[in-house]
Every structure is written in structure tokens, then in C-alpha cells.
Amino acid sequence: MPSSVRVRFAPSPTGTLHVGGARTALFNYLFARRSGGTFVLRSEDTDAARSSREFEQAIQADLRWLGLDWDEGPDTGGPYAPYRQTERADRYALAAARLIEIEAVYPCYCTPEELEAERQRQHARGEAPKYSGKCRELSQARRAANEAQGMKPALRFAMPQRDIYVEDLIRGSVHFPPGSIGDFVVLRSDSMPAYNFAVVVDDSDMEISHVIRADEHLPNTPRQVALFEALELSLPMFAHVSMILAPDHQKLSKRHGATSVSEYRDAGYLPEALVNYLALLGWSPGDDREFFTLPELVAAFSLERASKSPAVFDAEKLRWFNAHYLRALPAAERAALFAQWAAHDERLAQLPELRDPIWLETAAQALSDHVHTLSDVPRELASLLSDDLPVPLADDALRSSQAQALLRELGDIAAREPDPEQFAHATSKDALKSLGGKHGLGGRTLFRPIRVAVTGSEHGIELALLLRLLGPQRVARRIAAALHTQSASGQEPSRLP
Ligand code: GLU
């Protein structure tokens with residue numbers, strides 16, 4: 001029997017996809033796929049001034065990049081089309097007519113200025129904003145007079161004066177006492193549906209079984225429940241997922257760093273890493289396991305393990321996940337990504353190494369501890385391949401006569417073996433050891449001068465691998481330059497004991 005689970009992600013296309021929105025989309029997706037249900041994408045574009053098709057498309061592109069596909073939506077269509085609220089005016093008009101017929105709504109002539117002044121007064125008294133109900137009791141004569149003056153009313157829902165309980169799959173039963181919620185607008189004076197109304201009509205029309213959304217919408221839910229009931233529509237189940245906070249426990253915002261999915265994509269994050277990390281914000285598998293592919297998440301996901309406490313977004317942890325996913329990529333795929341990201345640096349892009357897949361695979365492997373995001377790639381490759389090295393003047397490591405003799409010999413080998421394979425062979429770990437032995441050098445006294453001469457730094461990737469990646473010409477050039485700097489410094493070579 002086909003599953004009756006139908007869930008939806010309903011972004012307003014007024015901006016790009018925020019990580020919080022992506023997490024909501026992901027939970028809906030996982031829930032749908034886990035139960036063999038249907039995942040619907042709906043564009044809540046009734047705010048004409050702030051919505052755009054560009055944002056709608058950008059959100060879809062971000063969802064696809066994350067690997068989240070949907071079964072019905074504005075682009076794909078489906079049996080409950082249209083999936084864009086601006087194209088559903090007739091549905092809202094029908095539901096509004098029904099609300100008028102059962103006298104669940106009344107015309108409200110209050111101007112935005114009057115409403116704002118009311119909010120200010122309530123604020124000054126330390127009260128939560130709530131519509132006074134002023135237009136609820138207007139006489140028919142008054143209404144007729146207002147209409148005669150050409151006033152265009154909004155349509156306001158008369159909130160029933162009774163207890164409302166929202167049965168939430170994550171938060172349990174949430175109580176809203178009578179009088180805690182004021183009458184709210186369902187149709188604005190320009191006939192545009194307000195959020196709480198459109199969402200009820202759509203969720204009902206589209207036979208949504210579970211509304212899984214951010215818990216900032218929890219205060220809206222009793223309004224929606226009252227509307228469902230007034231229209232005699234069956235209620236979906238609700239699940240409000242916890243907030244995502246910044247490490248300072250404030251709402252995650254721009255000032256905390258990147259907050260949109262596209263910023264993470266542009267900063268060289270892999271979608272697999274972002275999806276894995278987001279899944280663990282407000283959900284846990286119940287054990288210590290941290291790494292999940294999308295299909296593994298589908299298999300493991302349940303709303304029972306979703307948490308009602310806020311989740312803290314830890315950008316460092318996400319970077320760590322990303323480094324893990326980069327290391328886990330098949331070598332050829334990772335090499336191709338390295339080449340693509342290295343191309344951001346024009347000088348790098350011209351180097352022949354970047355067209356050599358084997359070289360790229362070796363470099364990607366060698367640099368795996370240094371590259372956390374793909375945007376680190378140009379910097380790390382440039383620090384390897386650039387000829388503008390910070391060679392330390394007269395470095396102690398290069399001062400001994402033994403080190404200088406070793407470097408001269410290594411320089412000769414590099415000059416003699418222009419073939420990269422031969423050179424790699426001649427400078428393997430064992431070959432370097434026996435070369436060191438010849439000059440009375442071993443361990444640190446062997447590796448340090450070579451590393452300093454060819455990179456200008458004391459730390460970095462494994463030496464034999466480093467020499468292989470640099471190649472004979474670069475090694476010869478750098479050793480010659482380091483020896484030249486050393487002799488130009490005027491320091492007499494010392495003799496190691
Ligand atoms: N358009 C609403 C938003 O973006 C959707 C809320 C809901 O899922 O009901 O927050």
C-alpha cells in the first residue's frame with residue numbers, strides 16, 4: 001500500500017537558503033524517504049515586494065546541491081498543482097468565502113497606522129501585541145458606511161475563546177489558553193492571503209500529513225489549528241524542530257559568519273559534509289555514531305529522536321566534518337576537485353602539474369591534513385609550488401658543512417634526473433637515508449636542512465613525498481638558491497659534532 005505520509009518544505013523566496021531552512025528541508029526529506037512518503041516543495045511567495053523567482057530558483061539549486069530532491073513542486077508539478085501560492089488565489093478565495101459564510105471572519109478597517117499605534121501602547125505597558133478586536137463588534141450600519149466611503153477592509157478571523165492544544169510530535173502537548181491569541185488577518189485588504197491562512201488552505205489541499213517546521217512557527221500553530229477546525233478540515237500532525245543557535249546562544253545570524261548554504265558551497269564545503277552536520281543539529285541517532293551518508297540518514301531517521309532543546313551551530317565542527325569527507329573521497333574525484341579549485345589562482349592554473357591527474361592525486365593525499373575546505377586548496381598548492389619562497393636567511397639548519405655537502409649532492413641528483421619518476425626513486429625515504437649516512441647525517445639533522453632548503457619552512461608533509469611533488473627542476477632550483485643565500489650571508493660553515 002502506498003504510504004500516506006506527505007510532508008512539505010515551504011520556503012518564502014525572499015532570500016537564499018539559510019542553514020536553518022536547509023535543516024528543516026532535510027528533516028522533511030528524511031521523514032518522507034524513510035516512510036516511503038511524498039516530499040512536496042511549495043513556494044510561499046505572497047510577499048510580492050520581497051519574493052522573487054531568482055530566489056525561488058536559487059533555493060531549489062541549493063536543495064539539489066545538497067542532494068535533496070522532491071516529488072512535487074513548482075518546477076516539477078504534481079497532482080496538487082500549482083505549488084506557488086501566488087498561483088492559488090482561487091483556492092484562498094473559496095476558503096475565505098466559506099469563512100464569511102459561517103461568520104468566522106469579519107471585515108477589519110483598521111489602518112496600518114492605527115494597528116501600529118496599538119502595538120506601541122501594548123509594548124509600553126509591557127504586554128504582548130494582540131489585536132484589540134475593535135472591528136469585531138462593528139454594526140452593519142457602520143460597516144456599510146465604511147464601504148460607502150470606499151474603505152477596503154482586511155478579513156480577520158475571530159479567534160474562538162477556548163483552550164487550544166497543539167499536539168506536537170517533538171514538544172508534546174502545548175497549551176494556549178483562551179484569550180492568549182488575538183483575532184488575526186486571513187486576507188489582507190489587497191486580497192493577498194496572510195501566511196496563517198494560506199498555509200492551512202494549502203496544507204489541507206495538498207493532503208499534508210505532517211507539518212515539520214522550525215519552532216519559531218509554534219506560536220502560529222494554534223491560529224492554524226483554529227482555522228482547520230473552523231473549516232472542518234482534518235488536522236495534520238505537527239513537529240516543531242528546535243532552534244539553531246550560534247555558540248553565544250543568540251539566534252544564528254550573519255554576524256556569526258556564513259549562514260547560507262551557498263556561502264558554504266562557495267567556501268569549498270562538500271554537500272555530504274553539510275548534510276551530515278545539519279542532520280545532527282536537533283536530531284541524534286541515539287549512539288555515538290557521527291558519520292552518515294544521506295541514504296544512511298534516511299535509514300536511521302526518526303522524529304522520536306529529534307530534540308526540543310536548541311542546537312548550537314559549531315562552524316569548527318562543520319569544518320572538521322568537511323575535512324573528513326574530503327579525505328574519504330575517491331582519489332580521482334578529489335584530484336579533480338583540487339584541479340577545479342586550484343584554477344581559482346591564475347598562476348597555479350598554468351602549471352603543468354595541475355593537468356597531471358597522478359600528481360594531483362598524490363598532492364591531494366599529501367595535503368589531506370592541511371585542506372579542511374576546498375578553498376584551502378589554492379593556498380596549500382601555492383605554498384608548495386610557488387617559487388617565491390620565504391627562505392630563511394642563513395638558517396641554522398643550512399649552516400653545517402655536512403648539511404651543505406648533502407644539499408649539493410641532492411641538488412646534483414635533481415639536476416641529473418630530470419625524469420620525475422627517476423627522481424622520485426632516487427629520493428625515496430631509503431635513498432635519502434643512505435644519502436644522509438654518507439654525510440654523517442640522520443633523522444632530524446638529515447631531514448631538516450632539506451626541508452628548509454626546499455620549502456623555507458621546518459614543517460610540512462612527508463619529505464620524500466614533498467620532493468616527489470616538487471619535482472627535480474624545482475628541487476634543484478631551490479637548493480641552489482638556498483645554498484647561495486647561505487654563502488652570501490658571509491657565515492662560515494660550522495662543523496656538526
Ligand atoms: N513560508 C514559511 C517560512 O518560510 C513556512 C512555514 C511553514 O512551514 O509553515 O518560514
Side-chain angles (χ1 to χ4, degrees), residues 5-32 37-60 62-63 68 70 72-74 80 82-88 91-92 95 166-171 174 181 184-186 188 192-228 233 235-244 251-253 259-261 278 282 303 306:
V5 165
R6 291 180 53 84
V7 294
R8 84 302 194 274
F9 177 54
S12 304
T14 55
T16 55
L17 186 63
H18 184 270
V19 287
R23 198 268 315 252
T24 301
L26 175 63
F27 282 15
N28 275 286
Y29 170 90
L30 295 176
F31 188 73
T38 304
F39 180 35
V40 177
L41 181 66
R42 184 168 75 220
S43 189
E44 303 211 325
D45 59 347
T46 53
D47 183 343
R50 293 171 59 227
S51 299
S52 78
R53 283 295 169 92
E54 284 73 28
F55 283 135
E56 186 183 294
Q57 275 159 17
I59 291 170
Q60 293 183 8
D62 287 345
L63 290 171
L68 309 182
W70 48 97
E72 299 168 22
Y80 302 83
Y83 295 90
R84 213 174 262 125
Q85 288 188 327
T86 47
E87 294 166 10
R88 300 178 57 78
R91 302 297 312 160
Y92 309 130
V166 172
E167 305 303 336
D168 190 276
L169 292 169
I170 298 172
R171 314 193 134 253
V174 187
I181 294 163
F184 59 93
V185 169
V186 293
R188 291 196 280 262
M192 270 294 186
Y195 159 72
N196 279 308
F197 176 55
V199 93
V200 165
V201 173
D202 291 348
D203 284 343
S204 169
D205 273 0
M206 296 179 185
E207 298 193 53
I208 297 303
S209 62
H210 295 73
V211 170
I212 305 170
R213 65 183 164 208
D215 76 353
E216 64 191 5
H217 285 294
L218 187 58
N220 286 319
T221 310
R223 295 172 171 86
Q224 296 172 19
V225 167
L227 274 174
F228 272 108
L233 302 170
L235 278 176
M237 311 264 238
F238 292 101
H240 288 89
V241 298
S242 66
M243 298 258 287
I244 299 181
K251 193 171 178 214
L252 184 67
S253 71
T259 52
S260 69
V261 168
L278 290 177
L303 282 175

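Read the numbers this way: they start at 1 and go in the same order the structure lists the ligands and their atoms.
- A donor-acceptor contact under 3.5 angstrom links the side chains of Gln224 and Asn196, judged on distance only.
- Residues in residues 193-218 take part in these ring pair (Phe, Tyr, Trp, His ring centres under 6.0 Å) pairs, two or more places apart or across chains: Phe31-His210, Tyr195-His217.
- A donor-acceptor pair under 3.5 Å links the side-chain atoms of Asp45 to the main chain of Thr86, judged by distance alone.
- Screening Arg84, Gln85, Glu56, Glu87 for a side chain to side chain donor-acceptor pair (under 3.5 Å) involving Ser43 leaves a single residue, Glu56.
- Every protein residue with a heavy atom nearer than 4.0 Å to ligand 1 is included here: Arg8, Ala10, Pro11, Ser12, Glu44, Tyr195, Val199, Arg213, His217.
- The closest side-chain heavy-atom distance from Phe238 to Val225 is below 4.5 Å.
- The residue from Arg42, Arg6, Arg91, Arg8 that alone fulfils the salt bridge (Lys or Arg N to Asp or Glu O under 4.0 Å) condition with Asp205 is Arg91.
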